[in-house]
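As the structure lists them, so they are numbered: ligands from 1, and atoms in each ligand from 1.
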Amino acid sequence: MNVGGKLKEAGKQWVKEDPEKREVYWPTDEMKEKAYFSDERIYTQASKDPEGFWAEQAKKFIDWFEVWDADKIVELEPPYFNWFAGNKTNLCYNCLDRHLDEHRNKAAIIWEPEPVDEVQKVLTYMDLYREVNKFANVLKGLGVKKGSTVTVWMPMIPETAIVALACQRIGAWHSIVYTAFAPHAVRERMQDAGSKILITVDGFYRRGKLIGLKKRIDEAQVLEKVGAENCVVVSRVNGGVPMKEGRDYYFDELMRGAEAYCEPETITSEDCSFLLYTSGTTGKPKAVMHSCGAYSVGVALTMKLVFDLHPEDLFWSTADIGWITGHSYGLYGPLLAGATVLWYEGAPDYPTPSRWWEIIEKYGVTIFYTAPTAIRALRAAGDKWVEGYDFSSLRLLASVGEPIDPDTWKWFYEKIGERRCPLVDTYWQTETGGILLSSLPGIGPFIPGVAGPALPGVNYDILDETGEPVKEGEFGYLVVKSPFAPSMLRGMYKKPEEYIAEYWSEYGTEIYFAGDGGIKIGQKIGGQPLIKITGRIDDVMEVAGHRLGTAEIEDAVNELEEVVEVAVVGKPHAIKGEVPALFVVLKRGVEVPKEEMDRKIVVAVREKVGPVATPEAVFYVSDVPNTESGKIIRRFLKGLVRNEALGDMTTARNPECLKELAEATKYRGPQKIPGYNLSAV
Ligand code: PRX
């Protein structure tokens, strides 16, 4: 067991709450009557036999071409696990083909463009099926095969769904890159995955601005540098971008000549269904590999369990397709369930902070899933933007991405949910593929700031540094135990050592270490403790709900010739939750004015990582605290920018630098730093 590494550095910087002050809400009678799950015995039934529970869900929710060996529901070979080994299915088939008999003309995707004068588009299941089949044939024609990686740099437009589903149909792995990352990030991910094809757009709209993606790819010479063989360009804005003969093709032109039917590939449990790059604690983003059948089971179940999705619902997850929420709950989950999902292209506050509320009213959204950062921003714009909208269609609200503070929770619950709609706080990760912890809408309870219990069938715990479960009210580290959950990752593409280091080293290879802190609050439902998530305990930040690694930002800044050393930590921010704060040590003798240096740093980060990672505070200092072995002690830096206790200072090789750092950050925390006079601040 290797407890200690990340854990010792994490500190225990959570604030104890008074449990008496917690407000507890329960489902309304109407919700209890309608909900698929309203009996809390589901928890005990599932925990008695988790494997049996999952096998039952697998049969219920997925159509299999070939069913797994009944004796081997899950094969455990720590740190790998293989659910439903030998199963055969196809994710695209489950999302489309099997729904055609029952509702070919039902809306699958309703798309709202950002420009208000443009008309929406509706794709029925039949429309989507037709387009996906054709594009699957286009991909084949371009040499894409089962197991090839198709990189996708596309916004929230229907073609992105078509591309993703077409990849699933032929067993190719999509690797979707968030559009607010830089072209450099696309290049790195293409290179890492050995991807030879990029699907992108001429442009799209964001906050009224035209964002030209293909142009940015060309300017950064991404395709040349990775030796890409093909680039398919969707014409979203009729942008007339330069196209290289024999390499670049317009989506529409290719689709015109494509054949109508493409046989869905048979995908076994050993095959991957997609790659998604995410930030870890070290180095560059890594590709999480998700399975096909087992992932689908987890995602499909949660559509009913957590979102209580009924056939007549209109489900809207505001997350971008570039993130796991966009994959699991913006695309695959709703389509696996045969439901209608809403996609919106643009910003929540364009042209006004009422845009989301207008959309809910316009289409009659019934289930609304979003992130605390967006709610905080829309709340900060003022209540007048919410007033007068008709929210009567809504019946469930849900939150994801970071801990939702009780104030924001209550505002969302009252103003949007009108105190009628349950608000479920769903905790999970890119790696877990689907939700792990959440209260269930027909069972409850809903407590502001508390995520809830683990879902039925999920074996989790909160451990202390020695690997023992913590007592109620004590802080600890969230883990998942055997048999894990079917939707969880199958590995990290080409990086087995990092897979182990990142998730399976703190408590050994039989316990998945999630990287988050949590507390059992001392209340239970169905025998399951309710959990408050306190947030990341490692070097991963959640900036406006977007996961970023400090290492990627540090790498970008370190490349500047003026910089000797840089350390990045998350600084609290009222709307975005956290923003990157940089401690920068410049080379001796560098005499660049501060504004000029700030600008260089911002440009470097935006170019290498993307606008989403733009630093919001840069402190120029002469040294940063290190251990004897030269490792930056981030705990100190975090404590400084958060005005929290810094902890034991004797581990630093150079504790004298803390005085200068405290001055730079105007530290007002509880700890006394030698030579730094708090009262002078
Ligand atoms: O720290 C947790 C936080 O988001 C991290 C995972 O980020 P990502 O892989 O980008 O996936 C985000 C969407 C699932 C987690 O390690 N997180 C996610 N949901 C919650 C949360 N923190 C607290 N409460 C949540 N509901």
Chemist: Give the residue, atom name and distance (to 0.1 Å) of the protein heavy atom nearest atom 15 (C) of ligand 1.
Modeler: D516 OD2, 3.2 Å
Chemist: Does the N or O separation between S399 and ligand 1 drop below 3.5 Å for any pair?
Modeler: no
Chemist: Any chance the side chains of T426 and Y369 put a donor and an acceptor closer than 3.5 Å?
Modeler: yes
Chemist: Which of these, T426, T430, V540, T278, has its nearest heavy atom closest to atom 26 (N) of ligand 1?
Modeler: T426
Chemist: Would you say ligand 1 has an N or O under 3.5 Å from any N or O of G401?
Modeler: yes
Chemist: Under the 3.5 angstrom rule, does the side chain of S328 hit a backbone N or O of G433 as a donor-acceptor pair?
Modeler: yes
Chemist: Can you confirm, on distance only, whether ligand 1 has an N/O atom lying under 3.5 Å from any N/O atom belonging to T325?
Modeler: no
Chemist: Of the protein's non-hydrogen atoms, which lies at the shortest distance from atom 23 (C) of ligand 1, and what is that distance?
Modeler: P403 N, 3.1 Å
Chemist: For Y427 and T432, which I'm curious about, is there any donor-acceptor pair between the side chains at under 3.5 Å?
Modeler: no
Chemist: Is it true that the side chains of Y332 and Q168 contain a donor and an acceptor less than 3.5 Å apart?
Modeler: yes
Chemist: Is it true that the side chains of E506 and Y477 contain a donor and an acceptor less than 3.5 Å apart?
Modeler: no
Chemist: Report yes if W323 has an N/O atom closer than 3.5 Å to an N/O atom of ligand 1; otherwise report no.
Modeler: no
Chemist: Which atoms from ligand 1 have a heavy atom of I533 less than 4.0 Å away?
Modeler: 22 (N), 23 (C)
Chemist: Tell me: protein heavy atom nearest atom 10 (O) of ligand 1, and distance?
Modeler: R547 CB, 3.3 Å
Chemist: With heavy atoms of W428 as the reference, note each atom of ligand 1 found under 4.0 Å away.
Modeler: 6 (C), 14 (C), 15 (C), 18 (C), 19 (N)
Chemist: Side-chain donor-acceptor pair under 3.5 Å between S195 and R189, yes or no?
Modeler: no
Chemist: Does F315 offer a backbone N or O that forms a donor-acceptor pair with the side chain of D313 under 3.5 Å?
Modeler: no
Chemist: Give a yes or no answer on whether the side chain of T200 reaches the backbone of W153 with a donor-acceptor pair at less than 3.5 Å.
Modeler: yes
Chemist: In terms of residue, atom name and distance, what is the protein heavy atom nearest to atom 4 (O) of ligand 1?
Modeler: E542 OE2, 3.1 Å
Chemist: Would you mind telling me if ligand 1 is within reach of the side chain of E402, the backbone, both or neither, using heavy atoms under 4.0 Å?
Modeler: backbone
